[in-house]
Amino acid sequence: MERERQRGRLYVVATPIGNLADISLRALDILRSADAIFAEDTRVTRALLGHHGIDAKPRALHAHNEARAACEVLDALEAGRDVALVSDAGTPGISDPGARVVHLALAAEMDVVPIPGASALAAALSVSGQQGPFAFLGFLPSKRAARRRTLEEWRKFPHALVLYEAPHRILDCIADLADVLGGARNAVIARELTKLFESIHACRLADAYAWLAADSNRQRGEFVLIVSGAPADDDDHAEARRVLAALLAELPVKSAVKMAVTITGAPRNVLYAAAIEMERARER
Ligand code: SAM
């Protein structure tokens with residue numbers, strides 16, 4: 001029975017990633033009724049709570065105090081109090097604090113309850129046109145050499161890659177993606193999702209840098225990048241695809257394929273299929 005519960009529950013509550021209306025009714029109920037709210041940034045959460053008329057004083061649980069705050073959460077749960085955990089935006093634990101306290105709560109056999117809602121990862125993927133499995137890499141390393149090493153590790157992964165990126169690194173990141181993964185892949189740049197300047201742009205990786213560089217407004221805000229997986233024949237025909245992509249920028253499909261076959265010796269059917277895919281991506 002609900003009333004006979006001895007220990008509290010840890011509710012992991014998703015909050016909006018921009019548009020304050022993107023919060024579930026259940027999330028609001030939990031935030032209203034929780035005995036304590038732990039938040040990544042109490043000011044951000046206070047603003048959200050205020051917007052929804054909830055009068056509560058969140059306590060801090062962020063990257064720098066997670067170990068100590070996690071003990072407070074566990075004590076509260078042990079004492080039978082329900083705790084809501086939120087981050088600044090989206091779902092806690094996804095490139096945000098939360099995983100550690102959840103891990104400890106599970107280890108202590110506490111009830112951990114997800115209250116699902118917005119996440120930039122799911123929002124971007126839903127408008128990417130990519131099907132099937134994907135790998136979420138979160139933020140790549142900020143240093144170029146380490147970033148390129150990580151991308152090398154994923155270069156042959158046959159499914160979509162989903163990344164988060166900050167505005168001040170977006171150009172460098174896109175340049176490395178095209179360089180390491182090859183410019184022929186499809187990319188979707190999802191920016192400022194659910195906000196005033198939301199934009200979803202699909203292009204080939206080879207064209208993404210120029211598109212971003214053409215307008216500094218396109219480099220502002222928050223980004224999710226989605227890149228299609230390595231083609232099945234990546235090892236054999238990667239170079240041929242690169243040549244084809246360059247030719248396609250100047251020539252119609254038929255001539256570009258013909259010339260790419262002559263230059264690279266790759267099979268015509270493989271290059272023709274690749275050309276159609278590249279053209280489709282360009283039209284999107
Ligand atoms: N926990 C969050 C979630 O569930 O999406 C992610 C937090 S992570 C610290 C912040 C990053 O998520 C941003 O740098 C950006 O890459 C991505 N992000 C968050 N909000 C976004 C938005 N509205 N549009 C695009 N990307 C966003």
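Note that ligands are numbered from 1 as they come in the structure, with each ligand's atoms numbered from 1 the same way.
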Novice: With a 4.5 Å cut-off on side-chain heavy-atom distances among I, L, V, M, F, W and Y, is there a chain of contacts connecting Phe139 to Val162?
Specialist: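 Result: yes, single cluster for both.
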
Novice: Find out if a path of hydrophobic residues (ILVMFWY) with successive side-chain heavy-atom gaps under 4.5 Å connects Val83 to Tyr11.
Specialist: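 Each belongs to a different hydrophobic cluster.
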
Novice: Does the N or O separation between Asp96 and ligand 1 drop below 3.5 Å for any pair?
Specialist: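 Yes, there is a polar N/O contact under 3.5 Å.
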
Novice: What residue and atom, counting heavy atoms only, is the protein's closest point to atom 24 (N) of ligand 1, and at what distance?
Specialist: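 For atom 24 (N) of ligand 1, the nearest protein heavy atom is Leu193 N, 2.8 Å.
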
Novice: Assess the residue pair Leu247 and Ile263 against the criterion (side chain to side chain contact (heavy atoms under 4.5 Å, CB included)); give the C-alpha distance rounded to whole Å, side-chain angles, the decisive distance to 0.1 Å, and a yes or no.
Specialist: CA-CA 11 Å; Leu247 291 169; Ile263 295 169; 4.2 Å; yes

Novice: So which bit of Ala89 gets within less than 4.0 Å of ligand 1, heavy atoms only: side chain, backbone, both or neither?
Specialist: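 Near ligand 1, Ala89 shows its backbone, while the atoms from C-beta on stay back.
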
Novice: With atom 14 (O) of ligand 1 as the reference point, say which of Phe139, Phe223, Phe197, Tyr164 has the nearest heavy atom.
Specialist: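 The nearest heavy atom belongs to Phe139.
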
Novice: How far does CG of Leu161 sit from CG of Leu137, to the nearest 0.5 angstrom?
Specialist: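 Answer for the CG-CG pair, Leu161 versus Leu137, is 5.0 Å.
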
Novice: Does Gly18 reach ligand 1, in the sense of a heavy atom lying below 4.0 Å from it?
Specialist: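 It does not; every heavy atom stays at 4.0 Å or beyond.
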
Novice: N/O to N/O below 3.5 Å, does that happen between Ser119 and ligand 1?
Specialist: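 In this structure, Ser119 places an N or O atom under 3.5 Å from an N or O of ligand 1.
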
Novice: Look up atom CD1 in Ile37 and atom CG in Asp82, then write down how far apart they are to the nearest 0.5 Å.
Specialist: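 Rounded to the nearest 0.5 Å, the CD1-CG separation comes out at 11.5 Å.
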
Novice: Return yes or no for this condition: an N or O of Ala190 is under 3.5 Å from an N or O of ligand 1.
Specialist: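 No, no N or O pair falls under 3.5 Å.
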
Novice: Considering only NZ, NE, NH1 and NH2 on the basic side and carboxylate oxygens on the acidic side, decide whether Arg144 and Asp176 come within less than 4.0 Å.
Specialist: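 So Arg144 pairs with Asp176 through a salt bridge.
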
Novice: Report, in ascending order of atom number, the atoms of ligand 1 lying under 4.0 Å from any heavy atom of Gly90.
Specialist: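 Numbered from 1, ligand 1 contributes 3 (C), 4 (O).
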
Novice: Distance under 4.0 Å to a non-hydrogen atom of Thr91: what atoms of ligand 1 satisfy this?
Specialist: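 The atoms of ligand 1 under 4.0 Å from a heavy atom of Thr91 are 1 (N), 3 (C), 4 (O).
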
Novice: Would you check whether Ala166 has a nitrogen or oxygen atom less than 3.5 angstrom from a nitrogen or oxygen atom of ligand 1?
Specialist: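 Min N/O separation from ligand 1 is not below 3.5 Å for Ala166.
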
Novice: In terms of side-chain geometry, is the basic nitrogen of Arg149 or Glu152 positioned less than 4.0 Å from the acidic oxygen of its partner?
Specialist: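 Answer for the salt bridge query: no.
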
Novice: Membership question, hydrophobic clusters at under 4.5 Å side-chain separation (ILVMFWY): are Leu225 and Leu205 in the same one?
Specialist: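 Per the 4.5 Å side-chain linkage, Leu205 and Leu225 are co-clustered.
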
Novice: Need the ligand 1 atom indices (1-based, order shown) with element for anything under 4.0 Å from a heavy-atom of Ser95.
Specialist: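 By the 4.0 Å cutoff, the relevant atoms are 7 (C), 8 (S), 9 (C).
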
Novice: Looking only at distance, does Ser87 have an N or O less than 3.5 Å from an N or O of ligand 1?
Specialist: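 N/O-N/O distance under 3.5 Å: no.
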
Novice: Could you pull out, from Lys195, Arg169, Glu198, Glu222, the option with a heavy atom nearest to atom 21 (C) of ligand 1?
Specialist: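 It is Glu222 whose heavy atom sits nearest to atom 21 (C) of ligand 1.
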
Novice: Does Val224 reach ligand 1, in the sense of a heavy atom lying below 4.0 Å from it?
Specialist: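 So Val224 counts as touching ligand 1.
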
Novice: Regarding Asn186 and Gln130, is there a side-chain donor-to-acceptor distance under 3.5 Å anywhere?
Specialist: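 No pair is found: no donor N or O on one side chain lies under 3.5 Å from an acceptor on the other.
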
Novice: Out of curiosity, Gln219 CD to Leu171 CG, how far, rounded to the nearest 0.5 Å?
Specialist: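 If I round to the nearest 0.5 Å, the distance is 4.0 Å.
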
Novice: Mind checking whether Ala120 has an N or O less than 3.5 Å away from an N or O of ligand 1?
Specialist: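 Yes, since at least one N or O of Ala120 sits under 3.5 Å from an N or O of ligand 1.
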
